[in-house]
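The structure appears below as structure tokens.
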Amino acid sequence: VQLQASGGGSVQAGGSLRLSCTASGITFENYAIGWFRQAPGKEREAVGCITATSDGSTYYADSVKGRFTISRDSAKNTVYLQMNSLKLEDTAVYYCAASPRRKLSVNWYVKYLYDYWGQGTQVTVSS
């Protein structure tokens with residue numbers, strides 16, 4: 001199983017980036033996909049999640065709610081993290097992870113519920 005996050009880069013505060021997460025070796029549509037990030041010297045934290053249910057429910061950390069949007073394109077085996085109104089504190093390495101628990105809800109942010117992790121992509125927000 002391989003997950004790959006891509007699309008990171010450098011952007012000024014207030015700008016936007018879209019990250020992509022692709023996977024091989026799993027039936028992608030059957031997995032909930034979470035996004036996490038880790039800033040230097042800090043623990044990895046949850047950013048958001050999209051479930052594998054038919055309605056594709058999404059959940060977000062309070063720090064990104066209203067600015068970040070997760071979507072899934074099953075035909076492309078890709079999940080996107082659209083990041084708008086980026087802030088300096090959004091600077092981090094962003095990771096995507098896959099969970100076979102299709103209906104993650106209140107516990108969507110729990111890292112150990114995700115079985116597969118991709119290598120991260122760096123997002124740097126500057127003033």
For this session: Count the heavy atoms belonging to other residues, nucleotides or ligands that lie under 6.0 Å from CD of Glu43, then report whether that count exceeds 12.
Result: no
Exercise. Would Tyr80 and Tyr31 show up in the same hydrophobic cluster when neighbours are defined by side-chain heavy atoms closer than 4.5 Å?
Worked result: no
Exercise. Quick check: does any side chain N or O of Tyr114 sit under 3.5 Å from a backbone N or O of Trp35, one acting as donor and the other as acceptor?
Worked result: no
Seminar exercise, completed: Scanning both residues in full, the closest heavy-atom pair of Thr121 with Gly8 reads OG1-N, 3.0 Å
For this session: Find out if a path of hydrophobic residues (ILVMFWY) with successive side-chain heavy-atom gaps under 4.5 Å connects Ile33 to Leu81.
Result: yes
Seminar exercise, completed: Scanning both residues in full, the closest heavy-atom pair of Gln12 with Ser127 reads NE2-O, 4.2 Å
Exercise. Is a side-chain N or O of Ser99 found less than 3.5 angstrom from the main chain of Leu113, in a donor-acceptor match?
Worked result: yes
Exercise. With hydrophobic residues grouped by side-chain heavy-atom distances under 4.5 Å, do Phe36 and Trp108 end up in a single group?
Worked result: yes
Exercise. Would you say Thr124's side chain and Thr91's backbone share a donor-acceptor pair under 3.5 angstrom?
Worked result: no
Problem set entry | Side-chain donor or acceptor of Arg102 paired with backbone N/O of Ala52 under 3.5 Å | yes
Seminar exercise, completed: Output for pair (Ser71 OG, Ile50 CD1), nearest 0.5 Å, gives 6.5 Å
Exercise. Between Thr22 and Asn77, is a side chain to side chain donor-acceptor pair (under 3.5 Å) present by the stated rule, with each step listed?
Worked result: CA-CA 6 Å; Thr22 57; Asn77 267 10; over 6 Å; no
Problem set entry | Test item: Tyr60 and Ile70 side chains (from C-beta on) under 4.5 Å apart, heavy atoms | yes
For this session: Start with the C-alpha gap between Met83 and Arg67, add the side-chain angles, then the distance that decides, and say whether side-chain contact (heavy atoms from CB on, under 4.5 Å) holds.
Result: CA-CA 6 Å; Met83 305 185 295; Arg67 299 187 298 122; over 6 Å; no
For this session: Give the cluster check for Val64 versus Leu86: same hydrophobic cluster or not, with ILVMFWY residues linked at side-chain heavy-atom distances below 4.5 Å.
Result: yes
For this session: Might you work through the side-chain contact (heavy atoms from CB on, under 4.5 Å) test for Ser74 and Phe28, ending with a clear yes or no?
Result: CA-CA 7 Å; Ser74 295; Phe28 196 61; over 6 Å; no
Exercise. Given side chains that start at C-beta, do those of Cys49 and Tyr109 come closer than 4.5 Å, heavy atoms only?
Worked result: no
For this session: If a pair satisfies salt bridge (charged side-chain N to carboxylate O under 4.0 Å, His left out) and one of its residues is in residues 13-34, list it, with sequence neighbours excluded.
Result: none
Exercise. Would you say the side chain of Arg44 lies within less than 4.5 Å of the side chain of Trp117, judging by non-hydrogen atoms?
Worked result: yes
Problem set entry | Point-to-point distance, once rounded to the nearest 0.5 Å, from CD of Gln119 to CD of Gln2 | 8.5 Å
Exercise. Between Tyr95 and Tyr112, is there a shared hydrophobic cluster once you connect ILVMFWY residues whose side-chain heavy atoms come closer than 4.5 Å?
Worked result: yes
For this session: Check whether any side-chain N or O of Arg72 sits under 3.5 Å from a backbone N or O of Thr51 as a donor-acceptor pair, and report yes or no.
Result: yes
Exercise. In terms of side-chain geometry, is the basic nitrogen of Lys87 or Asp90 positioned less than 4.0 Å from the acidic oxygen of its partner?
Worked result: no
For this session: Could you tell me which non-hydrogen atom of Thr78 sits nearest to which non-hydrogen atom of Ser20, and how far apart they are?
Result: CG2-CB, 4.0 Å
Exercise. Taking the side chain as C-beta and beyond, is there a heavy-atom pair between Val79 and Cys96 under 4.5 Å?
Worked result: no
Seminar exercise, completed: Output for pair (Phe68 CZ, Leu19 CG), nearest 0.5 Å, gives 8.0 Å
For this session: State which residues pass salt bridge (Lys or Arg N to Asp or Glu O under 4.0 Å) with Lys42; sequence neighbours excluded, sorted by chain then number.
Result: none
Exercise. Is the CD atom of Gln122 crowded by more than 12 outside heavy atoms at less than 6.0 Å?
Worked result: yes
Problem set entry | Nearest non-hydrogen partners of Gly120 and Val93, listed with the distance | CA-CG1, 3.6 Å
